Each structure stands twice: as C-alpha cells, then as structure tokens.
Amino acid sequence: MARLGSWIESHPEGIYVRPADAWIDPSQPKPRALITHGHSDHARGGHGSVLATTETLAIMECRYGPQPGGQAIAYDATIRVGAVDVRFVPAGHVLGSAQIVLEHKGEKIVVSGDYKRRPDPTCACFVPVPCDVFITEATFGLPVFRHPETGSEIDRLLHRLHSDPTRCVLVGAYALGKAQRIITELRARGHDAPIYFHGAIERLNQLYESFGVDLGELRFAGGATKQEMAGHIVIAPPGALNDRWSRRLPDPVTAMASGWMRIRQRARQRNVELPLIISDHADWDELTDTIRELKPTEVWITHGREEALKHWCMTHQIKACELNLVGYEDEDE
Ligand SMILES: [Zn+2]
Ligand SMILES: [Zn+2]
C-alpha cells in the first residue's frame, strides 16, 4: 500500500498537491494557488490563478490590487481541481480564513492553515473535520503557551485605561484580524467610547465592516488632538508603537496584543508596558485537543515549534513528522 498522502509534496516554498497541480499558500508565485487566508505570509501576490474564500480574495485585492485570476469559493462548497475534491471550511483565525480539505483516492487530508479554537466575533468558528492526515500549524506548539481567557485580558486593558484619564492606551495589533478583533472584544465588554485608529488599519477596518463586522465608532488618530485622545484607546500596527508617529499621542501607555506577549523578553524588546496575551493562533491545549478530536492517522506539522508537538503525537500513538516550509512569519500575529 502506498504511503499515506503520497500525492502531497512538501517543498520549502509550500505544499504542492500533485493531482491538482496546485500549491497551498506558496511563498513564490505559482500558476495555481489555493490560499487559506489573507495574512501576507500566506497570501502573496503574483499567482496565475487563486482559489480562496470571497473574504480572502477581497483582502488580497485590498493589498495587491485586482485579482483577475481569483476564483471565490464559499465555505463548505466542493470544487474539483484536477483529480482532487477541494473544500474550504472555517479556521477561526481571521475573516475568511479557511482550512483546506483535500480528498483524493479515498484519502482525506486537511491543511489547517493558521487556526484557533476560541470564539472570535470577527470570523466564523473553526470546524473540526476528521481526516486521515492533519497538516497543522504549530506557532505556539510548546506547553508553555497557554493563552488566558480573552475577556480577562480585555478587562486588564480597560482597567488600565480607566485608571488615568489623562493618558491614552496605545494598543499594537496586527492590521489584519487582530486590530478588528480587539475592537469587537472591547465592544463586547461594553466599551462604547470612540476608538482611535492609525491610518494603516483604516482600509482593513472598512473591509471588515463591509462584511458585516460592526466596529462601533472609530476615529482617525491623525485628525485628532492630544486632548481629544486622552482617556481613549488608540489601535495601531505593532511597527508604529515605538516610532515618531506615537509622539502625537497623549502620554501613551504602550500595550501589545499578541500570543508572544507570554514571553516577557518579547514585551521588553518592544517597550511594551501592558502585554496582552491575545492570539489568533491555537495555544498548546487547542493544538493537542484538536488532534485528539480529529483522530488523524498522521499529523504533519508546519511553521512553529514542531518538536514538542511531534513528541506529543508519538506518545499518543499518532504518527507525526515535520514539514520544513519556509517563509511563514507569525511574529506579529
Ligand atoms: Zn495567519
Ligand atoms: Zn501562519
């Protein structure tokens, strides 16, 4: 009997699905690409044809301009690509994010893309699909990574904000996904005040709203005075935290929302005063619980700390190996 998943090839620049002649999230331009989600390390420009969800295509258009080779696929619809049945199901990572389910010759392989299991008001929840091979991300694949409840992190942010109305809290959050999630989580915690934003996240905010995600009252920080922003939250991409731009703000408390904030040194490197452990990736428990739930025969592990998860799989009698793909950077997740 052939090795399980022998029709899938792992190359440094991505996963190649041979009987579909298609690449998943390739880091180089390819004639045919299947794209799991809009983060720039997964969705690059320049492919011949692109199969992705409507939302992901819209994000790619927002970033790279018109996508003439783009074909939208709805969640749960099945499309035949070459000799492979391809289905996109929600991954719970960011708006439009998908796992890609591949079926060929009676074998089912699920490529998770980036995913998380906890609820996120800005996107559809992860849907578990039992399979023969689960190709999982492992960004936070170490037992030390256990993300706290999102609500308690948001409460810490609000507590800090209310403790000094002369200052603002500047939250560094990745422009696609994290920024909009922080805003909606704040709204869910009853924070109705206007939230100021850095110009670099404006178009993605608008894109989220065009897909029905209500962000409440937002104001452009560039058009506001220090006095107006005192006592308010300002959201900016992580790169803006320590640059000249932040000087326009009223004595900002610097916060950052990322799974990496679990590591003190990462917070210190960015001069973050208020680290918020809010991640769009599965933590250790989510990774292992998901594998338990899907019961795959094999697990293939990508971008992250593969060793620990591989070991965990072995001790649970699941065959596991690592795929050495390059170019996935989840630094700013
Ligand atoms: Zn991502
Ligand atoms: Zn990723």
Side-chain angles (χ1 to χ4, degrees), residues 2-11 14-26 30 32-39 42-43 47 49-57 60 70-117 120 123-139 280-282 286-287 289-303 309 313 318-321 323 325 328:
R3 180 176 60 83
L4 202 54
S6 59
W7 42 282
I8 302 263
E9 295 171 16
S10 149
H11 295 264
I15 292 168
Y16 179 60
V17 187
R18 208 182 328 106
D21 189 22
W23 292 79
I24 297 178
D25 293 353
K30 297 289 179 191
R32 185 186 278 156
L34 316 177
I35 304 294
T36 60
H37 68 286
H39 279 148
H42 292 257
H47 304 304
S49 76
V50 170
L51 187 60
T53 62
T54 309
E55 294 87 344
T56 297
L57 282 178
M60 291 177 77
Q71 183 188 354
I73 181 169
Y75 283 134
D76 275 329
T78 300
I79 290 187
R80 186 91 174 166
V81 182
V84 181
D85 285 327
V86 176
R87 189 157 61 99
F88 283 50
V89 299
H93 176 59
V94 295
L95 181 73
S97 66
Q99 310 169 73
I100 300 180
V101 182
L102 306 161
E103 282 185 82
H104 177 67
K105 288 194 170 160
E107 281 178 15
K108 195 190 279 186
I109 297 185
V110 174
V111 181
S112 78
D114 292 343
Y115 79 93
K116 71 172 175 295
R117 299 302 302 265
D120 175 341
C123 65
C125 251
F126 179 97
V127 173
V129 179
C131 50
D132 301 300
V133 178
F134 185 51
I135 304 183
T136 183
E137 65 132 320
T139 303
D280 285 329
H281 289 269
E286 291 168 69
L287 290 169
D289 287 350
T290 300
I291 294 170
R292 264 197 200 101
E293 182 178 0
L294 302 186
K295 299 189 175 60
T297 307
E298 290 187 23
V299 173
W300 300 355
I301 307 163
T302 71
H303 63 304
L309 195 58
C313 288
I318 299 167
K319 217 174 138 189
C321 66
L323 304 184
L325 310 176
Y328 294 122

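Please read all numbers here as calculations on a predicted model, not as lab measurements. All residue numbers in this chain count up from 1 along the given sequence.
- Separation of atoms OG (Ser6) and NE2 (His104) is listed at 7.5 Å; rounding is to 0.5 Å.
- Using a distance-only test at 3.5 Å, with no hydrogens or angles considered, no donor-acceptor pair links the side chain of Glu298 to the main chain of Val133.
- By the 30° and 60° cut-offs, the orientation of the rings of His37 relative to His42 is tilted.
- The two residues Phe88 and Leu51 come nearest to each other via the heavy atoms CZ-O, 3.6 Å.
- Listed for the Asp132 side chain is a donor-acceptor partner under 3.5 Å among the backbone atoms of Lys108.
- Residues satisfying the side-chain hydrogen bond (donor to acceptor under 3.5 Å, both in side chains) test with Thr36, not counting sequence neighbours, are Asp25.
- Contacts of Pro128 classified as side chain to side chain contact (heavy atoms under 4.5 Å, CB included), with partners at least two apart in sequence or in another chain: Arg117, Phe126, Glu293, Leu294.
- Counting only heavy atoms from C-beta outward, the side chains of Ile109 and Val17 never approach each other to under 4.5 Å.
- Between Pro26 and Ile15, every side-chain heavy-atom pair lies at or beyond the 4.5 Å cut-off.
- When atom types are taken as modelled, the side chain of Gln99 and the backbone of Pro90 share a donor-acceptor pair closer than 3.5 angstrom.
- Here the side chain of Arg87 pairs no donor or acceptor atom with the backbone of Glu103 at under 3.5 angstrom.
- Side chains of Val86 and Leu102 form a contact here, defined as non-hydrogen atoms less than 4.5 Å apart.
- Residues Gln71 and Ile79 have side chains in contact (heavy-atom distance under 4.5 Å, counting atoms from C-beta outward).
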**Message:** Set out, in order, the CA-CA distance, both residues' side-chain angles and the distance that settles side-chain contact (heavy atoms from CB on, under 4.5 Å) for Asp280 and Asp114, then state yes or no.
**Reply:** CA-CA 8 Å; Asp280 285 329; Asp114 292 343; over 6 Å; no
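- At least one side-chain heavy atom of Thr136 sits under 4.5 Å from a side-chain heavy atom of Leu287.
- Here NE2 of His93 is found 7.0 Å from NZ of Lys116. Values are rounded to the nearest 0.5 Å.
- To the nearest 0.5 Å, atoms CZ (Phe134) and OG (Ser112) are separated by 4.5 Å.
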**Message:** Would Ile100 and Val110 count as a side-chain contact (heavy atoms from CB on, under 4.5 Å) here? Give the steps.
**Reply:** CA-CA 6 Å; Ile100 300 180; Val110 174; over 6 Å; no
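- Under the 3.5 Å distance criterion, with hydrogens and angles disregarded, a donor-acceptor pair is assigned to the side chains of Asp21 and Tyr16.
- Contact between Ala124 and Tyr75 at its shortest, heavy atoms only, is CB-CE1, 4.2 Å.
- Ring geometry for His11 against Trp23 counts as tilted: the plane angle lies between 30° and 60°, on a 0 to 90° scale.
- In terms of heavy atoms, Ile291 sits closest to Pro296 at O-CD, 3.4 Å.
- To the nearest 0.5 Å, atoms SG (Cys125) and OH (Tyr115) are separated by 13.5 Å.
- One finds a salt bridge joining Arg18 and Glu9 here, because a Lys/Arg side-chain nitrogen approaches an Asp/Glu carboxylate oxygen to under 4.0 Å.
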**Request:** Take Lys319 and Leu4 through the side-chain contact (heavy atoms from CB on, under 4.5 Å) test and state the conclusion after the steps.
**Result:** CA-CA 11 Å; Lys319 217 174 138 189; Leu4 202 54; over 6 Å; no
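- His39 NE2 to Thr56 OG1: the interatomic distance, rounded to the nearest 0.5 Å, is 10.0 Å.
- The OG1 atom of Thr297 sits 9.0 Å away from the CD atom of Glu107 when rounded to the nearest 0.5 Å.
- Using a distance-only test at 3.5 Å, with no hydrogens or angles considered, no donor-acceptor pair links the side chain of Thr78 to the main chain of Asp85.
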